[in-house]
Amino acid sequence: MRALLGALWDRILSFAVVERPELALALLRVGSGSVLLAKCLIELPYWRELYTNSGLVPWAISELQFAGWAPSLSGLWSALRGSGVSPDQLVELVLAGYLLALLALVAGLGTRLASGMAMALHLTLLNSAAVTSYGVDAFATIALFYCFVFPVGAALSLDQWRRPRRYDPLALGLCVRTLQLHLCIVYLTSGIGKAQGIEWWSGDAIWRAVMQPQLASFDMSWMASLPVVPRLLGWGTLVIETGYAFAVWSRLRAGWVVSIVLLHLGIAVWLGLWLFSMIMIALTVAAFGYQAPLAALQWLRRRLEAAPRHTGVAAS
Amino acid sequence: MRLKLAFLGLAAHLSLVALSALHRTPWANRALLDPVLSRYANWSGADNAYTFFAPAVPDQVVADVVLRDGEGHAELLHLGRHGSELDHRIASLLFWFTRAAPVDFHSRTIAAFALNEHPRAITARVELLAYRVPTLRAAADGARPALEEFHWAEYRRP
């Protein structure tokens, strides 16, 4: 039994060996942090409608789902009631704190504290506006949690520049593998869920998505005359999503990463879901695509080393 | 030892992720496990399922609000019809309410918001409409998407 467990642990350790894991975690931090910064800035003009108690939905409605134990604006307001801060001022303070935490996270300054604050403030805002949330908020929660738990300041950060630290590469590798497996679960269940509906096979899912006024970026009514187009796009979506969990562990990884990036860019351009698409791209690039910039840097270095050197001595 | 503990923690986390993705919550309603795991899942995002637009794409819900002031002037407010980030969130809100809450409560919430935004208005008539998209086959035969009203109510400022 001990030998079996030992062999199992050896397999796990070999699975945890990842090339340059600190780079993947840095990309997770910078990529997801940048998208969330953009999200914050895009939502700023609507902060009253989205987050105040007199906005689209009172806090009490959104927070009904959480039985009072999740971080929320009304919880924070109750704690600060005697301080003279109004509910709207509280929302402004939380948003300002969230913005600062995200800036620090992207820069890798006080990374653990910044990510913890960003996560806590994100959850506070999300739980009080839960009924207006959609996919980008779910993945923001996931990304910020991983930024808090994983040592995402291990590379490309002000923390590492000011006070370099050594990290166990196997521990970093386990973190990267966790992110990778999580994304495999996401796309596999998403693909299987879609495949269970006839609309994704008939093309109606693509057709219905591009025809919704809130999502439509272009006039796609011509698809009714060419139903093969939405049908092929639907099949392509099923293949790319369901195949992701298998292809990324094979030689097809690079191609599949490109495919998923293109799928999300398509969602951004044709359905206007830019924030959702960008955070999904950031997560995939951090998990499986970070080696591309690494390979590009290595190629550039080889080219520079191979380039003929000028000695500065003129021929006589 | 620390590495082994880290591995066990991450494995437990991924197990939660996988179970939630499959809409399985065996810890629900269990006295000790439910509060701890539900709270952890909320903080970590492990409680998400990833079946957006699955197995089908639902009809979008929009809201039109007609606001009238004391002189009978009317103003029309469209919610959820366009593609801004605010509209994405309004669309999520409207869809949540059609699934989770009585429709009347839904329209009351919208009326309260609209009257708050337009202090001179005395009444608000809220119409909830679903954007019905025909199937590809019906559209090829000439059917067109159309808004279909499924609820209306009029409210007066107290």
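Order of the sequence lines sets the chain letters (A, B, ...), proteins ahead of strands, with each chain counted from 1. All heavy atoms count here, side chains included; hydrogens, waters and symmetry mates do not.
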Does any part of the side chain of [Y], heavy atoms only, come nearer than 4.5 Å to the side chain of [X], both counted from C-beta?
X      : Y      : value
B:L86  : A:L56  : yes
A:Y146 : B:H13  : yes
B:D59  : A:R208 : yes
A:L170 : B:L3   : yes
A:N127 : B:N42  : yes
A:P230 : B:L136 : yes
A:S54  : B:F113 : no

Q) For the ring pair B:F95 and A:Y134, is the centre-to-centre distance below 6.0 Å? A)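 B:F95 vs A:Y134: aromatic centres not under 6.0 Å.
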
Q. What about A:F145 and B:Y40, are their ring centers closer than 6.0 Å?
A.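 Judged by ring-centre distance (under 6.0 Å), A:F145 and B:Y40 do meet the cut-off.
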
Quick one: what part of [X] sits under 4.5 Å from any heavy atom of chain B, side chain, backbone, both or neither?
X      : result
A:L275 : side chain
A:L50  : side chain
A:S202 : backbone

Q. Which atoms of B:D141 come close to chain A, meaning under 4.5 Å heavy atom to heavy atom: side chain ones, backbone ones, both, or neither?
A.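 For B:D141, there is no contact with chain A at all, as no heavy atom is under 4.5 Å.
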
With no hydrogens and no angle check, is any side-chain donor or acceptor of [X] less than 3.5 Å from a backbone partner on [Y]?
X      : Y      : result
A:E199 : B:V57  : yes
B:Q60  : A:L215 : no
B:R81  : A:P213 : no

If you count heavy-atom pairs under 4.5 Å with chain A, which of [options] comes out on top?
options                     : answer
B:S44, B:A18, B:A46, B:P145 : B:S44
B:T51, B:L14, B:T109        : B:L14
B:P134, B:A114, B:A49       : B:P134

Q) Is A:D204 salt-bridged to B:R137, cutoff N-O under 4.0 Å? A)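 No, this pair does not count.
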
Q) Any salt bridge between B:R89 and A:E43, counting N to O under 4.0 Å? A)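 Here B:R89 pairs with A:E43 in a salt bridge, since their nearest N and O are under 4.0 Å apart.
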
Q) Between A:L13, A:D137, A:I42, A:V149, which has the largest tally of heavy atom pairs under 4.5 Å with chain B? A)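 Among A:L13, A:D137, A:I42, A:V149, the one with the most close pairs to chain B is A:D137.
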
Q. Based on non-hydrogen pairs under 4.5 Å, which of A:S225, A:P45, A:S133 is most in contact with chain B?
A.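 Result: the option with the highest number of such pairs is A:S133.
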
Q: Start with the C-alpha gap between A:W200 and B:F53, add the side-chain angles, then the distance that decides, and say whether ring-ring contact (aromatic ring centres under 6.0 Å, His included) holds.
A: CA-CA 9 Å; A:W200 283 95; B:F53 284 175; 7.3 Å; no

Q. Any side-chain donor paired with an acceptor under 3.5 Å for A:Q214 and B:H88?
A.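 Indeed, the side chains of A:Q214 and B:H88 share at least one donor-acceptor pair under 3.5 Å.
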
